[in-house]
Amino acid sequence: MSRYDPSVIEPKWQATWEEHQTFRAVRSDDKPKYYVLEMFPYPSGRIHIGHVRNYTMGDVIARYKLATGHNVLHPMGFDAFGMPAENAAMASGGHPKDWTYSNIDTMVSQMKPLGFGLDWSRMFATCDPEYYGQQQALFLDFLEAGLVYRKNAVVNWDPVDMTVLANEQVIDGKGWRSGAEVERRELTQWFFKISDMSEELLDALDGLDDWPAKVKLMQANWIGKSRGLQFAFSTIDAPEGHDRIEVYTTRPDTLMGASFVGISPDHPLAKHLEKDNPDLAAFNAECRKGGTTEEALEKAEKRGFDTGLRVRHPFDTAWELPVYVANFILMEYGTGAIFGCPAHDQRDLDFARKYDLPVVSTFASAEDEGHTLPEDGGPAYVPPKTETVVYLRGFAGETEQTGTEAIDAAIDFCEKNGVGHGVTKFRLRDWGLSRQRYWGCPIPVVHCDACGVVPEKKENLPIALPYDEDGTAIDFSVPGNPLDRHPSWRSCPCPSCGQPATRETDTMDTFVDSSWYFARFTAPRADTPTHMADAQYWMNVDQYIGGIEHAILHLLYSRFFARAMHITGHLPEKCKEPFNALFTQGMVTHEMYYTGHAVQDGENSIVASLVYHFPEDVVVFSSGGERKAVLQSRVDETVTDVASVEELEALWKLDEWHNARHVRIQSSAKMSKSKKNVVDPVAIIQQYGADTARWFVLSDSPPERDVEWTASGAEAAARHLGRVYRIAAEVAEAEESPTGDDEALLREMHKAIHDVTLGVESFGFNASIARLYAFTNALSKSKAGSDAKRQAAKTLAQLMSPMTPHLSEEIWALLGGEGLVANAPWPVADPAMMVEDTVTLPIQVNGKRRDEITVPKDMDKAEVEKLALATDGVKRALDGAAPKKVIVVPGRIVNVVA
RNA sequence: GCGGGCGUGAUGGAAUGGUAGACAUAUCGGACUUAAAAUCCGAAGGCCUCAGCGCCGUGUGGGUUCGAGUCCCACCGCCCGCACCA
């Protein structure tokens with residue numbers, strides 16, 4: 001009998017699938033379609049074990065759907081634009097294009113051995129001119145539809161690298177690469193009008209039933225809807241043009257507790273006042289400086305500057321309030337000005353205490369009446385808006401009402417009395433898409449002295465990035481955007497007047513590339529962005545799978561793009577929400593190994609350092625119930641003939657004695673190169689085969705949770721697959737034998753079909769695999785006849801085929817299965833076979849299990865009750881007393897109440 | 001601070017309100033073997049007066065129920081997201 005050898009069978013079946021084009025997606029009306037998509041990878045150069053997990057999950061779904069009679073679309077591509085390619089070019093010469101395409105080649109060659117059922121004929125990279133040219137066409141259509149516009153915006157500018165930085169790239173106020181102090185600079189940038197769709201993007205979340213609640217919540221928070229009152233304070237003796245200060249508040253019910261007005265250092269009034277006030281100018285400058293990171297803001301002290309200016313309270317013109325410039329007020333939110341109500345806002349209270357401003361309560365707790373004034377050092381009284389409170393200084397609505405009711409009443413009152421109006425605000429800003437980078441999709445517009453900003457003509461698309469067509473290589477050796485320095489690329493005729501003009505050199509944010517690739521996969525070679533019939537057929541994505549880290553930006557942008565593409569006629573109406581179901585998978589983690597080293601540094605000081613080691617360089621063993629580890633190299637060197645744990649132990653102690661070279665084990669964490677706690681999928685496949693890797697990453701943890709990669713787990717998975725092969729081969733080669741205990745095995749089989757199917761359909765892959773282990777054990781021990789065993793083994797191959805497709809094909813062929821297991825119809829569980837004729841019922845007395853009875857499954861309740869009461873366990877527990885009540889749950893349990 | 005989630009053996013984890021710990025890892029014992037690996041068989045939540053017809057047990061305390069890991073309330077702990085958001 002041959003042995004299970006993945007290195008032989010895996011390439012063989014991959015070639016067979018390729019030959020039969022098993023996974024080619026073809027449109028046809030005779031079958032329902034199913035579109036399964038995993039978030040496409042960035043071509044960093046190597047695939048990661050996390051990719052293996054992600055794509056295996058998608059592949060399980062894809063293969064299962066194929067077996068259940070669907071036309072399956074399961075494509076793969078690369079999110080190929082972005083900074084790393086440019087950084088690589090800057091660091092080590094070469095060109096981002098060469099770097100990227102070479103990485104893509106490598107990664108494809110690493111992915112193919114995993115045997116994913118992908119339609120590779122649809123593959124593209126977002127840096128293909130065929131792709132980004134269509135993206136430019138979309139941009140032009142969006143422009144025409146008013147979905148893109150240009151405006152001045154404040155950006156983080158790195159003066160050394162000469163580029164705009166995203167907020168995430170600013171660390172402690174310095175550029176993440178250059179370390180230079182980041183400047184605020186106003187630039188003209190392109191923006192997508194995503195904020196126009198705030199309300200719709202928020203409301204539509206409700207319809208996404210198959211999205212994780214967590215993701216929907218994160219998106220809702222990001223969009224950040226709030227209802228409040230916008231009104232103005234009139235100023236006293238203010239500079240011209242500043243006779244009013246517009247403020248926005250979500251708590252207009254606390255208006256009678258106002259004690260100051262605060263404005264942002266960037267507020268026009270603050271900027272005006274600082275001209276004649278050097279102290280204020282200094283204060284404002286100080287506020288503008290400093291980190292813009294959340295952490296820095298969190299720690300920053302709340303500081304204010306009394307402008308000396310005063311305003312009148314809208315309800316009482318005799319009531320004057322001071323105006324402060326305060327460092328915690330953001331110009332970007334609301335109107336850049338607030339009124340402070342210290343009694344009911346902690347931040348305002350801190351501020352009021354610091355500058356000795358009055359604290360006036362407007363409402364009190366309904367329970368302990370009276371005292372709501374924050375005691376010295378006590379917190380502000382901020383109950384949930386849903387709580388009913390007693391208004392002490394109310395002006396609208398009942399005396400006793402909830403915060404929400406009071407807010408509504410206050411807005412109503414103010415509108416009727418001409419003090420402002422109710423407004424709904426969103427936190428969501430327009431999406432700035434301009435980047436001063438080379439390796440991105442060029443924005444297809446031209447700047448003409450005569451005509452201004454002119455869109456390119458569609459027939460001139462793609463506006464391709466220059467490579468070295470005219471003999472001029474792109475120069476990445478100096479900072480800044482190479483497109484700006486290119487001698488000829490910028491020059492072009494104006495699409496409108498034909499006079500010499502210059503191209504826009506900004507490129508698009510890479511999030512644009514990933515905001516519509518799912519639609520492009522439905523017609524990847526079309527000469528328009530999409531092909532309507534194909535989009536109509538294949539869209540939406542039925543199941544989208546990816547990391548939670550994309551919960552906000554990528555998914556929100558994609559939802560915006562789908563709507564914008566519908567408006568511009570590139571997607572049908574039904575695609576406005578492009579992802580029907582979303583699944584966010586967990587990471588693959590690994591424990592970490594390090595040794596401590598003491599190094600003499602100078603004469604007297606000793607510096608300790610940690611050195612991390614790769615898992616393959618470490619031998620982990622167990623001693624006295626404790627897991628310990630030594631370096632592989634030490635084992636080889638000094639004890640080539642280690643025969644026992646004790647000897648290894650001795651080695652351990654020796655090492656410890658020497659210089660603490662023993663390996664410490666640190667608990668599992670996300671794999672990272674710096675911690676060396678990585679396993680390389682390529683090495684794993686070479687060692688165990690793709691099926692083992694696939695089986696393992698699905699087996700031990702629920703898919704949404706992190707899974708810890710362990711060497712023992714991987715070996716166990718490999719052993720199990722070897723066992724399955726062996727059992728199947730034995731069944732295949734067994735002599736014909738009469739029927740034996742067939743029914744027991746077939747019952748197990750149908751239960752396995754049922755449970756595995758349920759697991760696959762509900763992302764319970766770990767549960768499916770546990771069931772497959774149990775079914776394998778049952779088959780192994782079965783005394784059934786050869787026909788039944790053969791049938792069970794074939795079913796096992798089918799049930800395993802989404803997870804371990806190569807092994808399954810091999811077994812299927814071995815057992816004489818017809819065609820490919822990939823194309824075989826998914827087995828269906830027979831309900832009749834899952835119900836036992838007799839059932840064993842546990843008998844409880846007062847909820848504690850005391851005995852059990854085995855009865856025919858349809859025995860009537862009275863009969864069951866009689867038998868239950870007659871059992872020894874029940875008699876003993878009742879001790880002669882009569883039961884108060886007996887509950888019989890047919891087929892489940894009997895509970896006697898004593 | 002706000003919002004969400006999770007607490008089950010040594011470990012990863014199973015359990016439509018119905019026999020808690022499936023399945024796997026690690027561990028221990030046995031068979032086979034010169035030996036090891038591989039393979040096969042078996043044990044195993046804790047406690048006790050240690051195989052019984054016993055007690056306890058799903059973070060802690062309460063509640064609902066004939067019956068709670070599961071539902072409700074409070075607390076403790078951990079994880080994640082958001083946040084000078086007016």
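Sequence lines set the chain letters: A, B, ... in the order given, protein chains first and strands last, and positions in each chain run from 1.
Of the candidates B/A26, B/A86, B/C23, B/C23 carries the atom nearest the A/Ala774 side chain, counting heavy atoms from C-beta on. When the nucleotides B/G4, B/G13, B/A86 are ranked by their closest atom to the side chain of A/Tyr248, B/A86 comes out on top. When distances run from any side-chain atom of A/Arg427 to the nucleotides B/C82, B/G67, B/C23, the shortest one goes to B/C82. Closest contact between the side chain of A/Gln844 and the listed nucleotides B/A14, B/A20, B/A86 involves B/A20. The side chain of A/Ala770 has B/A22 as its nearest neighbour among B/C84, B/A24, B/A22. Of the candidate nucleotides B/A83, B/G13, B/G18, B/G18 has the atom lying nearest to any side-chain atom of A/Asn895. For A/Ser701, counting side-chain heavy atoms from C-beta on, the closest listed nucleotide (B/G12, B/A86, B/C56) is B/G12.
In this model, no side-chain donor or acceptor of A/Asn221 finds a partner on the base of B/C82 within 3.5 Å. Put simply, the side chain of A/Arg892 and the base of B/U19 share no donor and acceptor less than 3.5 Å apart.
One finds no side-chain N or O of A/Lys425 lying less than 4.0 angstrom from the OP1 or OP2 phosphate oxygen of B/A86. For the pair A/Asn777 and B/A24, the criterion of a side-chain N or O lying under 4.0 Å from OP1 or OP2 is met. OP1 or OP2 of B/C85 has at least one side-chain nitrogen or oxygen of A/Arg347 nearer than 4.0 Å.
Applying the ring-ring contact (aromatic ring centres under 6.0 Å, His included) definition to pairs two or more places apart or across chains, those involving residues 247-269 of chain A are A/Phe260-A/Phe351.
Between the CZ atom of A/Phe231 and the P atom of B/A86 there is a distance of 15 Å, rounded to whole Å. The distance between atom CD of A/Glu591 and atom P of B/A10, rounded to the nearest whole Å, is 19 Å. Atom CD1 of A/Ile853 and atom C1' of B/G18 are 14 Å apart (whole Å).
B/C56 and B/G21 have their C1' atoms separated by 16 Å, given to the nearest Å. Distance check on atom P: B/G62 versus B/C79 gives 28 Å, rounded to whole Å. Rounded to whole Å, the separation between the P atoms of B/U70 and B/A15 comes to 15 Å.
Across A/Asn677 and A/Lys670, no two heavy atoms sit closer than the pair ND2-O, 3.3 Å.
Aromatic ring centres of A/Phe775 and A/Tyr773: separated by at least 6.0 Å. Between A/Phe339 and A/His313, the distance separating the two ring centers is not shorter than 6.0 angstrom.
Across all strands shown, B/G1 forms a Watson-Crick or G-U wobble pair, both distances under 3.5 Å, with B/C82.
Salt bridge present: A/Arg771 and A/Glu748 bring a charged side-chain N and a carboxylate O closer than 4.0 Å.
Base orientation of B/C56: anti, since the glycosidic angle falls outside 90° of 0.
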Enumerate all atom pairs, one protein N or O and one N or O from nucleotides 46-53 of chain B, separated by less than 3.5 Å.
| unit_1 | atom_1 | unit_2 | atom_2 | d |
| --- | --- | --- | --- | --- |
| B/C53 | O4' | A/Arg876 | NH2 | 3.2 |
| B/C53 | O2 | A/Arg876 | NE | 3.2 |

Full working for side-chain contact (heavy atoms from CB on, under 4.5 Å) between A/Leu208 and A/Val215:
CA-CA 10 Å; A/Leu208 300 175; A/Val215 172; over 6 Å; no
